[in-house]
Amino acid sequence: MMMVVVAYDVNTEEPAGRRRLRLVAKACMKFGQRVQNSIFECLISTSDLLILRQQLLDIIDDSKDSLRFYNMGAKYSGKIEQYGVERHLPADSVMII
Amino acid sequence: MRQMLNTLFVTTESAYLSLENENVVVSDGDKAVAKVPLRSIESILCFSYKGASPALLGKCCEFGVSVSFYSPRGRYLCSILGESNRNVLLRRKQFVLADDASACSSIAASFVIGKIYNSRWVLERATRDHALQVNVERLKRQSSILASALKEIKNCDNAESVRGIEGQAAKTYFYAFDDLILNNKDDFYFERRTRRPPQDRMNALLSFVYVLLSGDCKAALQGVGLDPYVGFLHADRPGRASLSLDLVEELRPALADRFAISLVNTKAISPNQFEVRENGGVYLNDAGRKVVLAAWQKRRNEQITHPFLREKIPWGMVPYVQALLLARYIRGDIDAYPPFFWK
């Protein structure tokens, strides 16, 4: 398992772009938690990463959108700092609701 | 080896779990409190009375996420696990062994040897670590009685006498249990094991931790394809998960008892996190349950070296590894079931 941060920028000037934005967000939701509007933290396996990457590449428009994956590795917890409002449950700590 | 993923604990009494886009959504009233992708968790422990949607349960089975339901007070209700691990040949073998008296007694003896060995170590550890604070004489005496029980069990050839020795050993062990409690002696004390209902705080804590441990064991057994209801040490009884109780026995001292004791000794849990109910039973309250669950999850992530595999694994994987070894033995891959000897 490793932590991959997915960041995207989808051009929403036309309806097709807004549709792509929704689909990208939806695909990311399946694999990770939304930490900011267009940033997802995904704690996933190598095989799941391949699936996610392909799904996203199928959705986006190469000429208009941008997609970035930051691989933080398995020991990621020291590499992330959080300030202000937190909108997700951190994947490495105890999840009690 | 399987990966250990996070567990989602839902302790909000009025929470409802539902499915949305391969995520489990925890909602309280109209508000969604959390969304967690099913891929990133391995089990859900739900202490709310509202429950979960069937759609979510179906998806959990697909993803191999086990879901267990408990009453808000911590009584186990039921659990759900998918169809991915239904190894009928293994289970047929398990039933055949369970019907065979001599096989039964030898497996039962393994469980009990593990239990007595680990109980003994819990006592020995206390004399070593806290020699000035504990009644060393009593602990040493109880420990030597346990040592002789270990010898005795080697000559046992029927399950009945194995059970006899097990009962005797449990008494011997619990006789010295109060000595292990080092802090808050006025509020946390142990005279004897009481359950249904637990009559004091220590018993309440032990009962709750045992519930957690047996849930883990049951999920582990089901996960490797064994039938948790057909046991070797515990006799079959409708609705009783005998095999998971068998497995719990050997893990109880090292995983559950020591965990409960350390919660008290480090003052992680305080006397006001319990409540007394009309029937005289003592139970953890909401705050207390949260403390225990958080600490339990933390403990599950601590690394140990498994004595048989000589491999580093998190504590939380121990039930799974033992279940796997049991399945290997039942299948005939190894000559005997190696109980978990904690060091």
Side-chain angles (χ1 to χ4, degrees), chain A residues 1-6 8 19-56 59 69 71-78 80 82 85-97, chain B residues 1-17 19-28 31-48 50 52 59 62-65 286-301 314 316:
Chain A
M1 291 306 226
M2 56 188 170
M3 173 63 80
V4 176
V5 177
V6 183
Y8 54 81
R19 178 183 149 77
R20 289 201 304 280
L21 181 69
R22 275 201 309 277
L23 291 177
V24 167
K26 205 171 170 190
C28 290
M29 285 282 275
K30 293 181 185 172
F31 293 84
Q33 295 204 65
R34 186 171 225 155
V35 291
Q36 285 181 2
N37 272 340
S38 53
I39 297 183
F40 281 83
E41 283 181 8
C42 310
L43 187 61
I44 58 179
S45 62
T46 319
S47 54
D48 273 348
L49 177 60
L50 289 174
I51 298 172
L52 173 62
R53 181 185 299 155
Q54 195 53 52
Q55 285 188 1
L56 294 182
I59 297 168
F69 293 89
N71 193 334
M72 316 273 282
K75 294 192 171 62
Y76 56 87
S77 50
I80 298 174
Q82 154 75 31
V85 184
E86 196 158 24
R87 57 189 277 179
H88 71 296
L89 290 174
D92 57 339
S93 68
V94 182
M95 292 197 204
I96 295 191
I97 301 162
Chain B
M1 187 70 101
R2 196 187 63 142
Q3 281 276 345
M4 199 174 86
L5 298 177
N6 218 334
T7 306
L8 176 67
F9 297 99
V10 180
T11 58
T12 311
E13 283 186 26
S14 53
Y16 181 70
L17 310 183
L19 175 74
E20 188 189 310
N21 190 23
E22 298 183 4
N23 278 234
V24 43
V25 179
V26 184
S27 37
D28 191 6
K31 212 169 119 257
V33 189
K35 277 184 195 176
V36 184
L38 284 175
R39 278 187 180 80
S40 65
I41 48 177
E42 69 169 26
S43 58
I44 301 174
L45 268 60
C46 177
F47 293 80
S48 79
K50 274 198 178 161
K59 209 63 172 178
E62 197 181 300
F63 279 94
V65 176
D286 208 36
R289 277 194 300 274
K290 272 198 176 136
V291 168
V292 176
L293 291 173
W296 180 251
Q297 182 63 17
K298 231 175 112 200
R299 170 66 64 96
R300 274 162 51 90
N301 282 320

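Residue numbers start from 1 in every chain, and the chains themselves are labelled A, B, ... in the order their sequence lines are given, proteins ahead of strands. For the numbers below, each heavy atom of this structure counts, side chains included, while hydrogens, waters and symmetry mates do not.
Judged by a 6.0 Å distance limit and a 45° cone about the ring axis, B:Arg39 is not positioned over the six-membered ring of B:Phe63.
Contact of B:Ile41 with chain A is made through the side chain alone, with heavy-atom distances under 4.5 Å. Looking at B:Val26, the atoms closer than 4.5 Å to chain A (heavy atoms on both sides) all sit in the side chain, from C-beta outward. For chain A, the nearby parts of B:Asn21 are the backbone and the side chain; heavy atoms of each come within less than 4.5 Å.
Contact count against chain B (heavy-atom pairs under 4.5 Å) is highest for A:Lys30 among A:Lys30, A:Arg34, A:Met29.
For the pair A:Phe31/A:Val6, no side-chain contact is recorded, criterion being any heavy-atom separation below 4.5 Å from C-beta on. When side chains are defined from C-beta on, A:Leu50 does not count as touching A:Gln54, because their heavy atoms never get closer than 4.5 Å.
Remark: A:Leu21 CG to A:Tyr8 OH distance equals 5.5 Å, nearest 0.5 Å.
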